[in-house]
Each structure stands twice: as structure tokens, then as C-alpha cells.
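Some notes on the structure that comes next.
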Amino acid sequence: ETGADTPLEERQARARSIVGAATRMASLMDRTLETTRLETGQFAFDFRLVDLSARLREAAAHFPSDPAHPVVLDLPDEPLPCWADGERVAEVVENLLSNAVKYSPDGGEVGLGVRRERDTAVVSVSDHGIGIAPEDLGRLFRPFSRLHDRSLKGIEGFGLGLSICERFVRAHGGRFDVRSAPGEGSTFSFTLPIFGAAAQARPPLVVVA
């Protein structure tokens, strides 16, 4: 408890702690509701023609600047048309960028790139952070699953971000791939369909079951 005789700095510190706890709880509730909607098929996707190169540049531009973790882009100058929900793609990319920074406590470049492989676009986010042990890779996309590693002490998270991202990508007909090694960093990549005849046949609104 705090009273009138409590030092101002202590009261401010406690107030910040309360606000921080409330913010984290609200974020957890939002993520949990989002996961529930995905699991029950109540999450709607707005698929349309998207210039993936432009969307990735926009996501990188909106990402908070951090001198210790400069974002290096490897994106084509020409448009890369994909059949996707641009907002959800941006959410996936921003989550991956955030994780790359979070799990690189010593700093280092974060790479964001895309390449075309036949009828598929492959988006990748790489870092030079703490990396992931091989035995932990299979747990990354499980809801509420966090890695138990001493090097992760003090790094906050709910274990929901990657699970939601994986479901978003799967709803696009894509898949995730992770390449990592302890102490050597990680590369998360996911695929999206290039716009074409097959994509045009898909409905503009998709509900994940």
C-alpha cells in the first residue's frame, strides 16, 4: 500500500508497474480471444490482390527503429502480386521482426527479405540472436508454449504470437519453416501463393475452421 508519506518516486514506480501489468493482461486477453476465434472458425480473412514487396516495405517502415537492431531489407523493386490478406501478412511480419529483436539481446542486424520460387513467394526474417535448440523447434507453434532456457530469463511473452502467425499463414495455403542453432541466430520463413488463376478462384472471404 502507498500513502501520502510514501516518496513520490516510489509511488510513480508502483503506478508504472500496475499500468504495465494491466497492459500485459489486456494483451494476453486479446491474443487468447484471437486464438479462440481461429480455433472455432470465427476469424474472417479479407483476401485480395496485394503487392507483397510494397506491403513488406510498409511493415518495415512502421516497425519501431532501434539502432542496436537495424532492419536490413532484401526486397525486389518490382511488384510481387500475391493473393492475401495484407493486414494479416503485416501482423505476421511485425511479430517475426519483434521476436528477432527480442531474442537478440546483444544486438545485431535483423533481415527481412522475400524471394520467388515458381508460384510461391517466400518471406524470411533472420537474426543473429540466441538461437533455438533442435529439440525445441517442434514446440514453437504450440499455443502457450515457451522455451525453457536460462538465456530467456527476463524476456517476456505469452507463447501465442507464433501460434497465431502459423494459423494465419496456413489460412493462406502457406507453411512455416524455421532454421536455427543455439548461439547462431534464427531464420523464420513462410510461403504465400503468387497471384494466378488458382488464387483468383478463391473466395474473397475465408473463415478458418
Side-chain angles (χ1 to χ4, degrees), residues 30-31 34-35 37-38 41-104 108-129 140-141 160-180 185-209:
D30 288 342
R31 287 295 194 178
E34 199 168 24
T35 301
R37 289 198 299 269
L38 284 165
Q42 298 177 359
F43 196 102
F45 291 83
D46 183 14
F47 286 92
R48 60 183 64 192
L49 182 60
V50 174
D51 178 357
L52 185 58
S53 297
R55 201 68 184 85
L56 295 180
R57 290 184 190 280
E58 184 179 343
H62 289 165
F63 190 73
S65 177
D66 182 353
H69 301 90
V71 178
V72 179
L73 303 181
D74 183 14
L75 307 174
D77 294 328
E78 66 275 8
L80 185 57
C82 287
W83 191 247
D85 182 327
E87 291 300 318
R88 301 289 77 80
V89 171
E91 187 172 338
V92 172
V93 171
E94 289 166 7
N95 186 278
L96 294 179
L97 289 174
S98 178
N99 281 350
V101 170
K102 183 189 302 183
Y103 294 102
S104 301
E109 292 183 349
V110 173
L112 170 60
V114 64
R115 67 182 187 278
R116 180 168 184 165
E117 293 184 355
R118 297 185 179 181
D119 295 330
T120 301
V122 183
V123 181
S124 61
V125 174
S126 60
D127 63 63
H128 302 281
L140 289 175
F141 301 103
L160 282 173
L162 284 178
S163 173
I164 293 173
C165 288
E166 193 272 340
R167 291 167 189 245
F168 283 171
V169 169
R170 187 150 33 98
H172 284 74
R175 59 179 176 77
F176 254 102
D177 181 67
V178 184
R179 299 180 184 276
S180 184
S186 305
T187 297
F188 284 76
S189 60
F190 64 92
T191 59
L192 293 174
I194 298 293
F195 183 75
Q200 293 181 57
R202 298 181 65 176
L205 187 64
V206 175
V207 178
V208 181

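Reckoned from all heavy atoms, side chains included, excluding hydrogens, waters and symmetry mates. The structure presented is a predicted model; accordingly, all values stated were derived computationally and were not measured.
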Below 4.5 Å, heavy atoms only, C-beta onward: do Asn95 and Phe168 meet side chain to side chain?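 Sidechains of Phe168 and Asn95: no contact.
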Using the side-chain contact (heavy atoms from CB on, under 4.5 Å) rule, take Leu96 and Phe176 through it: C-alpha gap first, then chi angles, then the decisive distance, then the call. CA-CA 12 Å; Leu96 294 179; Phe176 254 102; 4.1 Å; yes
Quick one: closest heavy-atom pair of [X] and [Y], and the distance?
X	Y	result
Ala121	Cys82	CB-SG, 3.9 Å
Ser53	Leu75	O-CD1, 4.0 Å
Leu162	Leu140	CB-O, 3.6 Å
Ser180	Ser186	OG-OG, 2.7 Å
Asp85	Phe47	N-CD2, 3.9 Å
Val50	Ala84	CG2-O, 3.5 Å

From [X] [atom1] over to [Y] [atom2], what is the distance, rounded to the nearest 0.5 angstrom?
X	Y	atom1	atom2	value
Leu52	Ile194	CG	CD1	7.5 Å
Phe188	Arg179	CZ	CZ	12.5 Å
Asp66	Ser104	CG	OG	10.0 Å

I'd like to know if the side chain of Thr191 reaches the main chain of Arg175, judged simply by a donor and an acceptor atom lying under 3.5 Å from each other, with no hydrogens or angles considered.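 Indeed, once roles are kept as given, a pair shorter than 3.5 Å links the two residues.
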Backbone N or O of Pro81 within a donor-acceptor pair of the Asp51 side chain at under 3.5 Å?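 Between the backbone of Pro81 and the side chain of Asp51 there is no qualifying donor-acceptor contact (under 3.5 Å).
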Go through it in stages, so that I can follow the logic: the residues are Val123 and Ser189, the test is side-chain contact (heavy atoms from CB on, under 4.5 Å), and I'd like the CA-CA distance, side-chain angles, deciding distance and then a yes or no. CA-CA 5 Å; Val123 181; Ser189 60; over 6 Å; no
Stepwise, does the side-chain contact (heavy atoms from CB on, under 4.5 Å) test hold for Phe63 with Ser98? CA-CA 8 Å; Phe63 190 73; Ser98 178; 4.2 Å; yes
Is there any side-chain hydrogen bond (donor to acceptor under 3.5 Å, both in side chains) pair reaching into residues 114-129, and which pairs are they, with sequence neighbours excluded? Arg115-Glu117
Residue pairs meeting salt bridge (charged side-chain N to carboxylate O under 4.0 Å, His left out), one or both in residues 54-65, sequence neighbours left out, come to Arg55-Glu58, Arg55-Glu87, Arg57-Asp77
Walk me through it: do Phe190 and Val93 pass the test side-chain contact (heavy atoms from CB on, under 4.5 Å)? CA-CA 10 Å; Phe190 64 92; Val93 171; 4.0 Å; yes
